[in-house]
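Here is the structure we will look at.
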Amino acid sequence: MAHADVSTTPASTGHGRSTDHKHPITPGKVAMWVFLATEVMFFTGLIGSYIVLRAGSSARGYSNLYAPTTNIAEVEGATGILITSLGGGSAEAVAEAVGHATGQTPEQVERIIAAVPHGVVGGLSHGHAKALIDRLSALGAKAVPEELVIHGWPKPYDHLTNPLSIDLTALNTFVLICSSVTMVLALSAIQENKKSKCSAYLLATVVIGGAFVGVQVYEYYQLMIGHHYPVGISATGHFRPSVSIFASCFFTMTGFHGAHVSAGVIAMIAVFLQSLTGKYNKANYATIENVGLYWHFVDLVWIILFTIVYLV
């Protein structure tokens, strides 16, 4: 009796092609992994430099009453006040009182008034601080004594030394994580040959990723131009790369990441437009997969940056 051969070869279609769905290691995928490996090294070096700079920062580098470049040893015995509200007093009258009490220039006094409710006046003796508080109260403004507090690095949620908006950035982090979800759904859809659904998820990823970049641009604008901060953050009232090591590290790390996200959004737009032409299907989706790998990488890097720069 003849025995049927037991074949171990994959089942084939009527056209002689295998029905096994395999995911071969293509040159494109290898190139993407090599590229991501270099990116891992780059961001590892960037984060490592931040950790070293922070660890080596002076234990007296930042305070609530003086600019980050101030030699605290020279002013340690002084105190200050915090103007929390102008109340019914006019800004001009309050500025005049502060200028008279401190001898600061009109530009310096203007920065103090602009920073209210975090308007810090430093360099006062206890007696002069009390006299200025009484004078401001008579004008209708609200002020309280502020003793000198020294930090080795700005603390999260410390509005007198740290300008970063943790709540806004936490929301923006959630937005970026959502874009990773839509990217996964786009890849899953094209693997099932659902082209329209794939295009929709790619578009959602573009929109969400663009929203993340938009919020970061808004944050940069507020830090550098649109908002006035107390002197413990910046002597100029604006948070820019030159005001402190903390500021330099912040803009370097988040700026490089923002550039990577922007590049990812541009690549995603190109992939989305190609998807509208029907270029991709369940047998041809390597480009979507590779762009997705890059996108997940920048998402993961941001979670690390958010944790160590904003929260720690």
Side-chain angles (χ1 to χ4, degrees), residues 31-62 68-69 151-158 161-181 183-184 205 208-224 229 232-234 239-268 290-312:
M32 177 55 68
W33 280 113
V34 170
F35 171 71
L36 291 181
T38 65
E39 289 290 281
V40 168
M41 290 187 286
F42 171 76
F43 278 104
T44 298
L46 200 62
I47 294 170
S49 298
Y50 172 82
I51 293 172
V52 170
L53 287 170
R54 177 168 177 168
S57 177
S58 169
R60 304 161 67 83
Y62 300 86
T69 56
H151 304 290
W153 201 257
K155 304 293 184 182
Y157 286 111
D158 183 351
T161 61
N162 191 333
L164 304 185
S165 177
I166 295 176
D167 295 342
L168 174 64
T169 309
L171 177 61
N172 209 27
T173 301
F174 174 74
V175 167
L176 192 61
I177 292 172
C178 288
S179 72
S180 265
V181 175
M183 188 68 240
V184 169
T205 307
I208 297 172
F212 175 88
V213 175
V215 171
Q216 188 171 30
V217 169
Y218 169 78
E219 179 187 29
Y220 273 25
Y221 172 80
Q222 289 296 320
L223 291 171
M224 301 178 72
Y229 296 99
I233 292 173
S234 169
F239 190 68
R240 294 169 181 167
S242 61
V243 303
S244 66
I245 292 295
F246 173 59
S248 298
C249 290
F250 168 79
F251 283 107
T252 299
M253 297 175 74
T254 60
F256 270 118
H257 180 268
H260 279 72
V261 175
S262 298
V265 170
I266 293 171
M268 205 78 66
N290 289 336
V291 171
L293 287 173
Y294 174 83
W295 194 252
H296 297 320
F297 170 77
V298 296
D299 283 9
L300 176 60
V301 168
W302 178 250
I303 293 173
I304 297 172
L305 291 181
F306 174 62
T307 300
I308 68 172
V309 175
Y310 287 81
L311 300 180
V312 178

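One is the number of the first residue; the rest follow in order along the sequence. We use all heavy atoms of the structure for the numbers below, so side chains are in, but hydrogens, waters and symmetry mates are not.
- The OH atom of Y50 lies 6.5 Å from the SG atom of C249; values are rounded to the nearest 0.5 Å.
- Between R240 atom CZ and F251 atom CZ the span is 9.0 Å, to the nearest 0.5 Å.
- M41 contributes atom CE, which lies 14.0 Å from atom CG of L46 (distance to the nearest 0.5 angstrom).
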Could you walk me through whether L164 and L223 pass the side chain to side chain contact (heavy atoms under 4.5 Å, CB included) check? CA-CA 8 Å; L164 304 185; L223 291 171; 4.2 Å; yes
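- Heavy atoms of other residues, nucleotides or ligands lying less than 6.0 angstrom from CZ of F42 number more than 12.
- In this structure, the separation between CZ on F212 and SG on C178 is 12.5 Å, given to the nearest 0.5 Å.
- Here the closest non-hydrogen pair linking V175 and A211 is CG1-CB, 4.5 Å.
- For F35, the CZ atom counts as densely surrounded, since its 6.0 Å shell holds more than 12 non-hydrogen atoms of other residues, nucleotides or ligands.
- Among all heavy-atom pairs drawn from H151 and D158, the shortest one is NE2-OD2, 3.2 Å.
- By the 4.5 Å heavy-atom criterion applied to side chains, T161 and Y229 are not counted as neighbours.
- There is no side-chain donor-acceptor pair under 3.5 Å between H257 and Q216.
- Although no hydrogens or angles enter the test, the distance criterion places a donor-acceptor pair under 3.5 Å between the side chain of S248 and the main chain of P241.
- Residues F174 and F306 keep their aromatic ring centres 6.0 Å or farther apart.
- Looking at S57, its side chain never comes within 3.5 Å of a backbone N or O of R54 through a donor-acceptor pair.
- Checking Y310 against N162 by side-chain atom types alone, no donor-acceptor pair falls below 3.5 Å.
- In summary, the side chains of Y220 and T254 do present a donor paired with an acceptor at a separation below 3.5 Å, with no hydrogens or angles considered.
- For V243 against T69, the heavy-atom pair with the smallest separation is O-CG2, 4.3 Å.
- Residues V265 and G210 share a closest heavy-atom pair of CG2-N, 3.9 Å.
- For the atom pair CE (M253) and CZ (F250), the distance works out to 10.5 Å, reported to the nearest 0.5 Å.
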Show your reasoning for whether side chain to side chain contact (heavy atoms under 4.5 Å, CB included) applies to T307 and I304. CA-CA 5 Å; T307 300; I304 297 172; 5.8 Å; no
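- When all heavy atoms are compared, the tightest approach of L53 to W153 is O-CZ3, 4.2 Å.
- Residues D167 and Y157 form a side-chain contact, since some pair of their non-hydrogen atoms from C-beta on lies under 4.5 Å apart.
- Applying the side-chain contact (heavy atoms from CB on, under 4.5 Å) criterion to S165, with sequence neighbours excluded, gives L168.
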Residue pair F239, Q222: steps toward the side chain to side chain contact (heavy atoms under 4.5 Å, CB included) verdict: CA-CA 9 Å; F239 190 68; Q222 289 296 320; over 6 Å; no
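- Taking the side-chain contact (heavy atoms from CB on, under 4.5 Å) definition, one finds that I51 meets it with I47, sequence neighbours left out.
- Between P163 and F246, the closest heavy-atom pair is CD-CE2, 4.2 Å.
- The local environment of CG in L305 is crowded, with over 12 non-hydrogen atoms from other residues, nucleotides or ligands closer than 6.0 Å.
- You'll find the side chain of D299 stays beyond 4.5 Å of the side chain of I177, heavy atoms only.
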Residue pair S179, L176: steps toward the side chain to side chain contact (heavy atoms under 4.5 Å, CB included) verdict: CA-CA 5 Å; S179 72; L176 192 61; 3.8 Å; yes
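- Taking the side chain as every heavy atom from C-beta outward, E39 and V298 never approach each other to under 4.5 Å.
- Between the CG atom of L311 and the OG1 atom of T169 there is a distance of 9.0 Å, given to the nearest 0.5 Å.
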